[in-house]
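We name chains A, B, ... by the order of the sequence lines, and we start the count at 1 in each one. All values below were derived from every heavy atom in this structure, side-chain atoms included, with hydrogens, water molecules and symmetry-related copies excluded.
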2 protein chains.
Amino acid sequence: MSALDQVGSISRPSLHEELTDRLRSMIVEGVLTAGEKVPERALCEKLGVSRTPMREALKVLASDGLLTLEPNRGARVRAITVQELEEVFPLMGAFESLAGELACAQISDAQIKELKRVHEKMLTRYEASDMPGYFKHNQRIHELIMEAAGNRTLITMYNSLAVRVRQARYLANMSAERWKQAVDEHESIIQALEARDGKALSAILKKHLENKFAAVRQWIEDQEP
Amino acid sequence: MSALDQVGSISRPSLHEELTDRLRSMIVEGVLTAGEKVPERALCEKLGVSRTPMREALKVLASDGLLTLEPNRGARVRAITVQELEEVFPLMGAFESLAGELACAQISDAQIKELKRVHEKMLTRYEASDMPGYFKHNQRIHELIMEAAGNRTLITMYNSLAVRVRQARYLANMSAERWKQAVDEHESIIQALEARDGKALSAILKKHLENKFAAVRQWIEDQEP
DNA sequence: TAAATTAATAATGAATGCAAAATGCAAATT
DNA sequence: AATTTGCATTTTGCATTCATTATTAATTTA
């Protein structure tokens, strides 16, 4: 075995890949807001690239459901509709549920420890009423469970939905009760994981998401009376 | 309201869309086989298009997981690995299971009738030992259940997995017993649907897929000893 | 003046061109 | 003879250009 075998090949992501990632972030972070036109030319100039890779990126994001391409009329940021949200949540529920079962079957002690660590941090943020901080750790916990499930296809599909839900920031608003409830649910999640009780965790995660959805739905109904 | 308002606008799908569909079919139908390089230029000439829309299509298919793009080295048809298959099947199980529950909750009598019709046709094909014909109707039945679930997002995600599984034609080989078993399972599926028993259907569909997977896994093990 | 038609402008879809990278091959070296 | 090195060819990534379709502005006409 030569010393060179240790050296990994350098990966230089192509322009269109960087662009897809960049644009995806811009959409999720709300720099490009829902319904907004995506002016090809302007974006190209802003980011200093030509139209070819930009258009390639737009096609990919459209196939991911983040944009709509109206022929000869360009791209628009696709706003997730209430109807779509009602479609997406059961799916995410199924994903989380599956992830829970898979995770319990093979999660390591180290992974559980890490989860508890993040969970504790999240609690601190909750007690400090720091919602953004809370969400950050909250998201990380769900990511860790997905990772523990050890199914890359599952992660990919889950993320593609999560992105679209996150894009519509229904979640920024949460009542005090709902927040308390969510924290309690997370407590049970950790417990089920420690016990490696797949069925229980699966059910809790599904319920957790259903409650989240109920809160979102409530929020929507309050918004558009 | 003028008479012209009745006339729908001609939808001329853009070239890259047609190309993505075309290439997707070529992959699923095995015209482009797994592992094979996809020579941009040659394909362009064959299909009479320029490289731009072709490259856009390739990017989309890559993001769908049907191709891999090695930078500066072009596209290859991505062969689904055994590991990936093991990832995909639980997911499809979750999808089918969810579809079953949703379908039972809202399927119409007309839809059930249609399902039974296709089911009967499928039985005829089984009795005639016509496997391709059987598969065609089999696939249609699962499509109809998905449609009855009335969740477009679910359908989209399910299809994107189904395509990748279908591409690897593990299914063409099926033992007589397995075939018999599959037919019996389909019998139960129809019954559960008629009874609109969501839980039961959900369980049957999941089991149905698990058995299918077991058969596929068996086939793989026989292939590479 | 307001509606409608036409002209001008801008944006998109697709094709071509060019530079960089990879591949294939033959000569050269060990 | 086998491996390496240099060179030509091919292929890819991206930019640019051309053509077509929308959008806007201007003009005409009722």
Roughly, in whole Å, what's the span from CD in Glu17(B) to P in dT12(C)? 16 Å
Ring centre gap for His119(B) and His137(B) strictly below 6.0 Å: no
Here the distance between atom P of dA14(C) and atom CG of Leu47(B), to the nearest Å, is 14 Å
In terms of side-chain geometry, is the basic nitrogen of Glu143(A) or Arg140(A) positioned less than 4.0 Å from the acidic oxygen of its partner? yes
Could you tell me which residues satisfy salt bridge (Lys or Arg N to Asp or Glu O under 4.0 Å) with Lys116(A), sequence neighbours excluded, listed by chain and number? Glu194(A)
Please list, for nucleotides 12-18 of chain D, all pairs of protein and nucleotide N/O atoms separated by less than 3.5 Å.
| unit_1 | atom_1 | unit_2 | atom_2 | d |
| --- | --- | --- | --- | --- |
| dG13(D) | OP1 | Asn72(B) | N | 3.3 |
| dG13(D) | OP2 | Arg55(B) | NH2 | 2.1 |
| dG13(D) | O5' | Arg55(B) | NH2 | 3.1 |
| dG13(D) | N7 | Arg51(B) | NH2 | 3.0 |
| dG13(D) | O6 | Arg51(B) | NH1 | 3.3 |
| dC14(D) | OP1 | Leu15(A) | N | 2.7 |
| dA15(D) | OP2 | Ser50(A) | N | 2.8 |
| dA15(D) | OP2 | Ser50(A) | OG | 2.5 |
| dA15(D) | O5' | Ser50(A) | OG | 3.4 |
| dA15(D) | N7 | Thr52(A) | OG1 | 2.8 |
| dT16(D) | O4 | Thr52(A) | OG1 | 3.4 |

From CE of Met54(A) across to P of dA11(C) the rounded distance in Å is 14 Å
Any residue meeting side chain to side chain donor-acceptor pair (under 3.5 Å) with Thr153(A), in chain and number order, not counting sequence neighbours: Glu87(B)
Do Thr20(A) and Glu17(A) get their side chains close enough for a donor-acceptor pair, meaning under 3.5 Å? no
